Structures are given as structure tokens and as C-alpha cells.
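Please read the structure below before turning to the comments.
Everything numeric in this text was worked out from a predicted model, so none of it was measured. Note that ligands are numbered from 1 as they come in the structure, with each ligand's atoms numbered from 1 the same way.
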Amino acid sequence: MAEKRFSIGYALAPKKQNSFIRDSLLTLAKSRGVDLIRVDTDRNLADQGPFDCILHKLYGYDWKQQLQQFKSHNPNAAILDAPESIERLHNRISMLQVVSELKIEDPNETFGIPKQIVIYDKETLFDEQAWETLKFPVIAKPLVADGSAKSHKMALVFNCDALNKLKPPIVLQEFVNHGGVIFKVYVVGEHVQCVKRKSLPDVSEEKKSVEDLLSFSQVSNLANHEMIDDKYYKLMHLDDTEMPPQSFIVDIARGLRQAMKLNLFNFDVIRDSRYGNRYLIIDINYFPGYAKMPGYETVLTDFFCDIMYKKQQLEGEQEKGESHHDVKKVVSNACSDDGETEKEESVQDY
Ligand SMILES: O=P(O)(O)O[C@@H]1[C@@H](OP(=O)(O)O)[C@H](OP(=O)(O)O)[C@H](O)[C@H](OP(=O)(O)O)[C@H]1OP(=O)(O)O
Ligand SMILES: Nc1ncnc2c1ncn2[C@@H]1O[C@H](COP(=O)(O)OP(=O)(O)O)[C@@H](O)[C@H]1O
Ligand SMILES: [Mg+2]
Ligand SMILES: [Mg+2]
């Protein structure tokens, strides 16, 4: 009998497609029975395929409708990930709320988010009461995080004189000195990988009194010569920075994955220089730049094979005639190594 192949339709913006869909990934996946096929976004998704799984990073009402229609025609297909789960990451407040709700016991390290407030209008921006809980410097971030260039435009604000330049709706978040290095934690299903990247340099007392405002965008993705203060990075050795404990990072990643019901995301973590064992999560991104993660082809292919295996199990059980609900339970148990409640909930993937 011919080997059953697994077909994944990917729907990505051109920039994402260029960075993620590399020949090295296509070849490895193919050799393990997985075909990655581009979804033509000018045509209806439900008219294309057949696909066992959809991998996507597209926004908007129309796309969401298409996914819904596809799912109703292909109830066993996996949608990575559900639009309803991704949407929480499009707002910088709801994005981090989930971190505050996580309960992880670690004897040595603590974690949280920086102090922050949301400002919807200019009036509130100048309202001293709104500022009561925050100290300068702060980072002004657009409230919306929809992947547009605008949503990455930020400003480091040193004092009240700069407030006029800000355009609500924004999140004002306390700037925390962290040694100029950020940890990016990539999650692909159960796989968790942490890497170091350049970040904003620490703010000295001297700088606090000289500057009013400093604008920046996507610091961790800039080439060296583009950095705001290149000399700083020449002095600072990324290699010298100690990594956070892996088990601690894995616990946070698992907790977030479970709470958000997402398989494909990364989060940015900084280590508060004042404490050394306090970590702050500042950003969570859906379907980030995985191609920058060492060995991404293997990690992603393993993940695709895992989904393939679980879908085959599900279909095998269905053929045997078990009731649909019981079968879904079997698959959801197989997809997760976590707690009881999560096992039931991870059905959303299928
Ligand atoms: O393009 P890349 O590889 O730089 O990936 C971007 C991510 O970089 P990272 O993997 O964290 O270094 C980037 O992460 P940061 O926001 O820089 O932390 C975003 O995830 C970005 O997506 P979006 O613009 O927010 O929708 C990602 O951009 P898209 O490729 O999704 O447009
Ligand atoms: N609270 C903070 N304290 C110190 N640096 C921060 C803080 N928030 C963000 N940064 C710096 O700004 C960069 C961009 O912020 P981030 O929230 O990750 O936005 P984006 O979604 O554009 O990546 C981070 O990579 C980090 O260098
Ligand atoms: Mg970021
Ligand atoms: Mg981001």
C-alpha cells in the first residue's frame, strides 16, 4: 500500500513566507512524509487542498471566516493556531495579562511583568493620577500589536516634557535596566529554546537628565551598524551574559502555552539588573521568526510529524467506530504531557 503523506497548507504574508519557507525545511519535511503547500490567498481556502493541517499568520475578518468554513468541511484538520487564541496577542495589555495569572513555584527565580498602564487619550496622558504608580523612564508602546510597522514604533520617555509627542492609545511601561541583553524564548509545541539578543542599553542617571525622548523600532532585529549606540555593544559581550535556568524558562513556556492554547509563539524576557534572579516578560509574539532559531528545520519537522501521528491515531480510532467524543479524548491525551484539564482542552488543535 502507498505511504500516506501529510499535507500542510501554509498561508503567510510574503515577508514571512520568504524567511520561513526555505528549501532546507521543505526538503527535510518531505523526506519525513510531510508536504508543505502554499495556500493561494486570492482563492477561497475551502476550495483548495486537501490539507491535513493549516499553518497561518494572516489577520482580518475574511481570513477568519475562511478558516471557519474550512474547519466545518474538514473537522479533523488541525489549524495552527486558532484565530481566537492568537487575537489575545494583538493587544499589549491582554498579551501580558496571562503572565500575571501564571502560577509557577521556583525556589530561586521569580518572574512577572514590568509596571504598566494603558492610556487611551491625550487628556489622561497629562493626568498626574494616572502616573501615580509609574516612575520615569518609561517605554511608550502602541497598544495594538498587529504586526504593522507602526505597532513596533516605540519611544523611551525620560520626563514629562516629552509627553506631547506621544500618540495614544499606548501602553506606558516602566523601563527596567537589564544589561542590554534580551532572552527570546521560542516555543514550537512542546519544544522550548532560549536565545540571547541585543536589547536597549541600560539607562544611566546621566542620560536620564540629558534626554527627553528616544524613538526606536525592533531593536533585537537591527544589524550592528544600525544600533542607537554602537559603542555600547562593542564594549558589551553578548557571550558573557549568563542564560536563565532552562527548567525555569521551560516551566514558564509550558504555562503560557497551556493558558493561551497556542503552539507557535515566542516571548521576550529581560533579567532585572537590580535583583539578578527576577525575570520580566515584556512581549509575546505569534509565529515569530523561527528561521533565526538554530536548527529550526528539525524542530519544525518534528512538530509537524507529531501532529501527523496524532491525526492518524484519531482517524484510526474513528475507523474502528469509537464514539467521536471518546476518540477526541484519546488524541488530546496523546498530544499533551501536561495536567488533566489541559488534556481535555488541547482538543482545540484538532
Ligand atoms: O520577520 P522576523 O524573522 O524578524 O520575525 C519577527 C519577530 O522577530 P523575532 O523572531 O522575535 O526575532 C518579531 O518579534 P519582536 O516583535 O521583534 O519581538 C515579531 O514576532 C514579528 O512579527 P510581528 O511583526 O509582530 O507580526 C516577526 O515578523 P514576521 O516575520 O512575522 O513579519
Ligand atoms: N520594560 C522594558 N524595559 C527595558 N527594555 C524594554 C522594555 N520593554 C521593551 N524593551 C526593549 O524594547 C524592545 C521592543 O519592545 P517589545 O515590547 O519587545 O516590542 P516589539 O513587539 O516591537 O518587539 C525589546 O526588545 C527591548 O529591547
Ligand atoms: Mg519583542
Ligand atoms: Mg512583539
* To do: Could you find the nearest protein heavy atom to atom 14 (O) of ligand 1 and give me its residue, atom name and distance?
  => Asn285 ND2, 3.3 Å
* Answer yes or no as to whether an N/O/S atom of Asn285 is found below 2.8 Å from the Mg ion (ligand 4). => yes
* Does at least one non-hydrogen atom of Tyr186 fall below 4.0 angstrom from an atom of ligand 1? -> yes
* Asked: Roughly how far, to the nearest 0.5 Å, is NZ of Lys141 from CD1 of Ile93?
  -> 10.0 Å
* Within the structure, does Asp146 bring an N/O atom to less than 3.5 angstrom of an N/O atom in ligand 1? -> no
* Go through the steps to decide whether Trp63 and Phe70 satisfy the test ring pair (Phe, Tyr, Trp, His ring centres under 6.0 Å), and finish with yes or no. => CA-CA 10 Å; Trp63 176 244; Phe70 172 84; 9.1 Å; no
* Using the ring pair (Phe, Tyr, Trp, His ring centres under 6.0 Å) rule, pick out the option among Phe20, Phe265, Tyr59 that qualifies with Phe287. => Phe20
* **Numbering as shown, the atoms of ligand 1 that approach Gly147 to under 4.0 Å (heavy-atom distance)** => 23 (P), 24 (O), 25 (O), 26 (O)
* Asked: At what distance, to the nearest 0.5 angstrom, does OG of Ser7 lie from CZ of Phe304?
  -> 11.5 Å
* Asked: Backbone, side chain, both or neither: what part of Phe267 comes under 4.0 angstrom of ligand 1, heavy atoms only?
  -> neither
* Shortest protein heavy-atom distance from atom 13 (C) of ligand 1, along with the residue and atom involved -> Gln218 NE2, 4.0 Å
* Closest non-hydrogen atom pair, Ser85 against Leu262 -> CB-CD2, 3.5 Å
* What atoms of ligand 1 come within less than 4.0 Å of a heavy atom belonging to Asp283? -> 15 (P), 16 (O), 18 (O)
* Rounded to the nearest 0.5 Å, how far apart are NZ of Lys115 and CD of Glu174? -> 5.0 Å
* Could you tell me which N, O or S atom of Asp268 is nearest to the Mg ion (ligand 3)? => OD2
* Asked: His56 and side chain to side chain contact (heavy atoms under 4.5 Å, CB included): which partner among Ile86, Leu45, Leu80?
  -> Ile86
* Element-labelled atoms of ligand 1 that are located less than 4.0 Å from some non-hydrogen atom of Arg197 -> 12 (O)
* To do: Select the closest option to atom 6 (C) of ligand 1 among Ser217, Gly289, Ala291, judged by heavy-atom distance.
  => Gly289
* Asked: Looking at Asp283, which of its N, O or S atoms is the nearest one to the Mg ion (ligand 4)?
  -> OD2
* Decide whether an N or O pair under 3.5 Å exists between Lys57 and ligand 1. => yes
* Side-chain donor or acceptor of Asp202 paired with backbone N/O of His178 under 3.5 Å -> yes
* Structure fact -> Numbered in order shown, the ligand 1 atoms found under 4.0 Å of a heavy atom of Lys15 are 1 (O), 28 (O), 29 (P), 30 (O), 32 (O)
* To do: Any atoms of ligand 1 less than 4.0 Å from a non-hydrogen atom of Asp268? List them with their elements.
  => 18 (O)
* Decide whether an N or O pair under 3.5 Å exists between Lys184 and ligand 1. => yes
* Structure fact -> among protein heavy atoms, the one nearest atom 9 (P) of ligand 1 is Lys292 NZ, 3.6 Å
* Between Asp127 and Thr124, do the side chains contain an N or O donor and an N or O acceptor separated by less than 3.5 Å? -> no
* Can you find a non-hydrogen atom of Tyr59 under 4.0 Å from ligand 1? -> yes
* Asked: Does some non-hydrogen atom of Met293 fall short of 4.0 Å from ligand 1?
  -> no
* To do: Assign the ring pair Phe111 / Phe248 to parallel, tilted or perpendicular, where the plane angle (0 to 90°) is split at 30° and 60°.
  => perpendicular
* To the nearest 0.5 Å, what is the distance between CD1 (Ile284) and CG (Leu89)? -> 6.0 Å
* Measure the spacing between CD1 of Ile113 and CD of Gln173 and express it to the nearest 0.5 Å. => 7.5 Å
* Structure fact -> Near Pro288 (heavy-atom distance under 4.0 Å), the atoms of ligand 1 are 10 (O), 20 (O)
* Asked: Under 3.5 Å between some N or O of ligand 1 and some N or O of Lys16?
  -> yes
* Asked: With ring centroids as reference points, do Tyr186 and Tyr296 lie under 6.0 angstrom apart?
  -> no
* Asked: Near His152, which atoms of ligand 1 are under 4.0 Å from a heavy atom of that residue?
  -> 16 (O), 23 (P), 24 (O), 25 (O)
